[in-house]
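The structure appears right after this line, and notes come after that.
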2 protein chains.
Amino acid sequence: MNIEKIIKTEIELPLPKKVVINLLYTENWIMDKINIELKAFDISLQQFNVLRILKGQKDKPANLSTIQERMVTKMSNTTRLVDKLINKNYVKRAICESNRRKVEITITEEGKKFLDKVNPIMDEFENRVTSNFSTEDLILLNELLNKLRNSNSQIT
Amino acid sequence: MNIEKIIKTEIELPLPKKVVINLLYTENWIMDKINIELKAFDISLQQFNVLRILKGQKDKPANLSTIQERMVTKMSNTTRLVDKLINKNYVKRAICESNRRKVEITITEEGKKFLDKVNPIMDEFENRVTSNFSTEDLILLNELLNKLRNSNSQIT
DNA sequence: AACATACATTTGTATAGACAAATATTGTAG
DNA sequence: CTACAATATTTGTCTATACAAATGTATGTT
């Protein structure tokens, strides 16, 4: 279904508006699907992403600022996000000895096990959601999204 | 900047995962920019969209369910969203006489004036954010996003 | 050492959103 | 006409997010 049909407007929208709306709509559509996948595991995509970042650290602890800069969608309150992961026993927090302002966050064994369980589900989801796309389509969409952001990096 | 650099991972991600992350990241990036534009007008994108929907009704009132189905990103609480627009005197609410369960929401003159002020800003933003895109790029991105959603309409 | 400044995180608060339950109204089957 | 289901919206509650201010720690200057 095209965007005009979705938002039920009779007038033909200008292309730039159509693309912006389509991007917002499609992201929302895909987020809904992701949330359905993750719901069974009682975790949000944000929390899941933090676990992935920590796993990527390979047992080297990460501080809050590291986590924040690596998150796909930045959020304002990483402290409380980590709190929730601590409550679930997926991560642990310690004060950094060399710089006591910093905090060191590490994934636990339970967190790793959890990730190993959820990761294949997400991989399978990503394959499924893009299953009608050819490799060329995937590359093209990826490049177009990059181009959209990059051509704007200097503009405010 | 490509996605691997953005999330600072050393490993090359599989294409489907890359596309999904890129989509989420780019939407977030564009939403940040939209919020900056709208902040000066003290309105959220959701509220702005409702006003546009009501204007599109051409003085014919809309009920809550109509608004909800036309919104780009569905939200669970249209009542309270409309409450906020009422507080700003941009819309008014009345009980539908033919079916008293329904509610009729209409844009006010003040709401129309406000829209006329903000619409050009958003149009200009949409043009600016896509300024390095050719018409072909715009059409292509639009079609790829449609294809992504459509090929999945039957899958759960 | 005393002070200001910068840094990293946490906390407070106000607003937004998800979801379920409650309310009110209408339509319909017996 | 009554009971029951369906519809449309509202309300309550809990969680998430944005943003500012506060806290605690480190660094550089005089």
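Side-chain atoms are counted along with the backbone in the values below, which use heavy atoms only and exclude waters and symmetry mates. Convention: sequence-line order gives letters A, B, ...; per-chain numbering from 1.
- Contacts with DNA chain D (heavy atom under 4.0 Å) in residues 60-74 of chain B: B:Asn63, B:Leu64, B:Ser65, listed by number.
- Scanning atom types as modelled, one donor and one acceptor separated by under 3.5 angstrom connect the side chain of B:Arg101 and the base of D:dT7.
- With D:dA18, D:dT10, D:dA8 as the candidates, the nucleotide lying closest to the side chain of A:Ser76 is D:dA18.
- Checked by atom type and distance alone, the side chain of B:Asn127 pairs as donor or acceptor with a backbone atom of B:Asp123 at under 3.5 Å.
- Not a single donor-acceptor pair under 3.5 Å links the side chain of B:Lys92 to the backbone N or O of B:Asn89.
- Linking ILVMFWY side-chain heavy atoms closer than 4.5 Å, directly or via other members, places A:Ile86 and A:Leu81 in a single hydrophobic cluster.
- Take the nearest nucleotide of DNA chain D for A:Arg80 and for B:Asn77: the residue whose nucleotide is more 5' is B:Asn77.
- Residues B:Glu97 and B:Glu104 form no side-chain contact, since every pair of their non-hydrogen atoms from C-beta on lies 4.5 Å or further apart.
- More than 12 heavy atoms of other residues, nucleotides or ligands lie within 6.0 Å of NZ in A:Lys74, so this atom counts as buried by the packing criterion.
- A donor-acceptor contact shorter than 3.5 Å is absent between the side chain of B:Thr66 and the backbone of B:Ala62.
- Nucleotides of DNA chain C nearest to B:Ser98 and A:Val103 differ in position, and the one nearer the 5' end is that of A:Val103.
- Computed from coordinates, the A:Met75 CE to D:dA16 P distance equals 8 Å when rounded to whole Å.
- Here D:dT17 presents its C1' atom at 11 Å from CG of A:Leu81, a figure rounded to the nearest Å.
- Taking the charged nitrogens against the carboxylate oxygens, B:Lys18 and B:Glu4 do have a contact shorter than 4.0 Å, which makes a salt bridge.
- The aromatic rings of B:Phe114 and B:Phe41 sit perpendicular, their planes meeting at an angle over 60°, well past the 30° parallel limit.
- Protein chain B contacts DNA chain C over a range whose 5' and 3' limits, counting nucleotides with an atom under 4.0 angstrom from a non-hydrogen atom, are C:dA16 to C:dT26.
- Counting to the nearest Å, the C1' atom of D:dT15 and the CG atom of A:Asn87 are 13 Å from each other.
- If you take CZ of B:Arg93 and P of D:dA8, they are 17 Å apart, rounded to a whole angstrom.
- Side-chain N/O atoms of A:Lys84 include one lying less than 4.0 angstrom from OP1 or OP2 on D:dA16.
- Residues A:Met122 and A:Glu126 meet the side-chain proximity criterion, which asks for heavy atoms closer than 4.5 Å.
- Side-chain atoms of A:Asn99 lie closest to D:dA26 of the nucleotides D:dC19, D:dT7, D:dA26.
- Atom-to-atom, CD of A:Glu104 to C1' of D:dT25 comes out at 15 Å; the value is rounded to the nearest Å.
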